[in-house]
J.: 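Before anything else, here's the structure in question.
Below, each value reflects all heavy atoms present in this structure, side chains not excepted, and no hydrogens, waters or symmetry copies.
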Amino acid sequence: NKLKKIIYASSSGVYGQLNYKGNVKESAIIQPSSAYSMAKRACEVYLKYFYNETKISSIAVRLFNVYGPRQDDRMVIPRFIDQARKNRSITVYGNGKQTRDFTYVDDCIKVFDLLNKKVNGYHILNSSRGKEFDIYSLARMIKNKLKSKSNISKVNVPKKIQEFQVMKRSGNSSKLFKLIRYKPKTDLVDGLNKIVKWYKMRNYSQELINKIKKKKVNVSIFGVGYVGIKLVLALANKNCTVSCFDKDDKKVKQISSGIS
């Protein structure tokens with residue numbers, strides 16, 4: 001068996017609807033309150049016994065409200081951004097005083113990478129900043145950042161997500177930090193700036209693609225990151241002549257071979 005380690009993406013949802021004083025630790029009493037969170041907890045328990053039997057390192061990471069580019073539009077941050085961009089009413093569930101501990105996706109990637117390199121055995125670990133932010137303030141921040149004309153309205157919590165609702169959620173990552181000397185640190189303002197920039201670039205590339213759908217043109221692209229790659233492939237598929245420029249020669253060669 002070549003399997004050396006399992007790093008499992010669990011969820012802060014395992015803490016359920018209990019309201020803890022301060023930032024919750026892994027040792028706290030938990031109370032999963034949905035099929036989703038119960039499944040996450042079941043996998044944590046399974047990994048414990050799997051490790052005992054196989055000695056294959058098994059680490060469950062309780063992620064707290066991860067956000068970033070390409071996130072499911074049903075989640076609160078992309079939902080607010082979409083509503084604000086379209087100048088539609090930004091809908092806040094309940095009174096908006098509920099708090100969340102938002103974790104930027106890049107921080108999660110680094111956590112998983114360091115756990116893979118440095119940590120063995122069986123562990124359950126929180127991955128969070130330990131900073132609470134209320135949902136109404138989040139809506140207001142996104143509205144202001146996008147200079148939106150949206151109003152912010154409070155609505156009843158939909159029945160289908162009531163089981164996920166909790167008034168307070170914030171995690172303590174001291175155990176994680178002790179093991180890898182790192183914990184999520186991206187400030188919410190900085191994370192939102194990155195997402196807004198990504199949305200603008202995505203919209204720009206899509207608008208450009210739409211404009212040239214019926215034309216064959218020569219295009220030069222400087223920088224072939226995530227947005228650039230998408231643009232290169234889309235234009236090439238439309239029989240456009242595409243010239244790519246990037247300081248990373250290896251990346252350019254890979255893209256060129258993929259198109260040809």
J.: For Asp82, is there an ion pair with Lys86 - N to carboxylate O distance below 4.0 angstrom?
T.: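 Salt bridge: yes.
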
J.: Supply the atom-to-atom distance Ile59 CD1 to Asn120 CG, rounded to the nearest 0.5 angstrom.
T.: 7.0 Å

J.: Main chain of Leu115, side chain of Lys5: is a donor-acceptor contact present, judged purely on distance under 3.5 Å?
T.: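 Looks like yes, one N/O pair under 3.5 Å.
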
J.: So do the side chains of Ile152 and Tyr136 get within less than 4.5 Å of each other, counting heavy atoms only?
T.: yes

J.: Output the distance between atom CZ (Arg129) and atom OG (Ser170), rounded to the nearest 0.5 Å.
T.: 9.5 Å

J.: For Ile109, does its backbone N or O pair with a side-chain atom of Asp113 as donor and acceptor, under 3.5 Å?
T.: no

J.: Using a 6.0 Å cut-off, check whether atom NZ of Lys55 has over 12 heavy atoms from anything other than its own residue.
T.: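 Count over threshold, so yes.
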
J.: Kindly work out whether a path of hydrophobic side-chain contacts (I/L/V/M/F/W/Y, heavy atoms less than 4.5 Å apart) joins Tyr8 to Tyr46.
T.: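 The answer is yes; both residues are in one hydrophobic cluster.
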
J.: Could you check whether Ser150 and Gln83, counting side-chain N and O atoms only, form a donor-acceptor pair closer than 3.5 Å?
T.: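 Short answer, no.
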
J.: If only side-chain N and O atoms count, and only distance matters, is there a donor-acceptor pair under 3.5 Å linking Asp107 with Tyr182?
T.: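 Side chains of Tyr182 and Asp107: pair found under 3.5 Å.
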
J.: Is the number of heavy atoms from other residues, nucleotides or ligands under 6.0 Å of Asp190 CG greater than 12?
T.: yes

J.: Answer yes or no: is there a donor N or O on one side and an acceptor on the other, between the side chain of Ser37 and the main chain of Val14, under 3.5 Å?
T.: no

J.: Would you say the side chain of Ile124 lies within less than 4.5 Å of the side chain of Ser10, judging by non-hydrogen atoms?
T.: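 Contact flag for Ser10/Ile124 side chains = no.
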
J.: Any side-chain heavy-atom pair from Ser127 and Pro184 closer than 4.5 angstrom?
T.: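 SC-SC contact between Ser127 and Pro184 confirmed.
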
J.: So which of Val111, Leu179, Leu63 actually passes side-chain contact (heavy atoms from CB on, under 4.5 Å) with Leu125?
T.: Leu179

J.: Can you check whether Ala42's main-chain N or O pairs, donor with acceptor, with Glu44's side chain at less than 3.5 Å?
T.: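 Flag not set: sc Glu44 to bb Ala42 has no pair under 3.5 Å.
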
J.: Could you label the plane-to-plane angle of the Tyr122 and Tyr51 rings as parallel, tilted or perpendicular, counting under 30° as parallel and over 60° as perpendicular?
T.: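 Parallel.
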
J.: Could you tell me whether the side chains of Thr91 and Arg79 share a donor-acceptor contact shorter than 3.5 Å?
T.: yes

J.: Side-chain contact test, heavy atoms from C-beta onward, threshold under 4.5 Å: evaluate it for Asn126 versus Tyr15 and give yes or no.
T.: yes

J.: Pick out which of Met141, Arg140, Lys147 makes a side-chain contact (heavy atoms from CB on, under 4.5 Å) with Asn144.
T.: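 Exactly one pass, corresponding to Arg140.
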
J.: What about Trp198 and Val189, same hydrophobic cluster or not, with Ile/Leu/Val/Met/Phe/Trp/Tyr joined at side-chain heavy-atom distances under 4.5 Å?
T.: yes

J.: Decide whether Lys145 and Asn193 meet the rule of one side-chain donor and one side-chain acceptor closer than 3.5 Å.
T.: yes

J.: Which residue in the set Lys168, Lys97, Arg169 passes salt bridge (Lys or Arg N to Asp or Glu O under 4.0 Å) when paired with Glu132?
T.: Lys168

J.: Within the side chain of Thr103, is there an N or O that forms a donor-acceptor pair under 3.5 Å with the backbone of Phe64?
T.: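 Indeed, once roles are kept as given, a pair shorter than 3.5 Å links the two residues.
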
J.: Tell me whether the guanidinium CZ or amine NZ of Arg100 lies under 6.0 angstrom from the six-membered ring centre of Tyr67 and within 45° of its axis.
T.: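 No, Arg100 does not sit over the ring of Tyr67.
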
J.: Does atom NZ (Lys194) have a neighbourhood of more than 12 heavy atoms from anything else shown, all under 6.0 Å?
T.: yes

J.: With no hydrogens and no angle check, do the side chains of Ser128 and Ser173 hold a donor and an acceptor under 3.5 Å apart?
T.: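 Yes, because at least one side-chain N or O of Ser128 sits under 3.5 Å from a partner of the opposite role on Ser173.
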
J.: Indicate yes or no: at least one non-hydrogen side-chain atom of Leu47 is less than 4.5 angstrom from one of Ile6.
T.: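 Leu47 reaches Ile6 side chain to side chain.
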
J.: Side chains of Phe112 and Asn116: closer than 4.5 Å at any heavy-atom pair?
T.: no

J.: Are any non-hydrogen side-chain atoms of Glu26 and His123 less than 4.5 angstrom apart?
T.: no

J.: Quick check: closest heavy atoms across Lys154 and Gly94, and the distance to 0.1 Å?
T.: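 Looking at all heavy atoms of both residues, the shortest contact is CB-O, 3.4 Å.
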
J.: What I'd like to find out is whether the side chain of Leu138 reaches to under 4.5 Å of the side chain of Leu188, using heavy atoms alone.
T.: yes

J.: Rounded at 0.5 Å granularity, tell me how far CD1 in Ile77 sits from CZ in Phe102.
T.: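 With rounding to 0.5 Å, CD1 (Ile77) is 4.5 Å from CZ (Phe102).
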
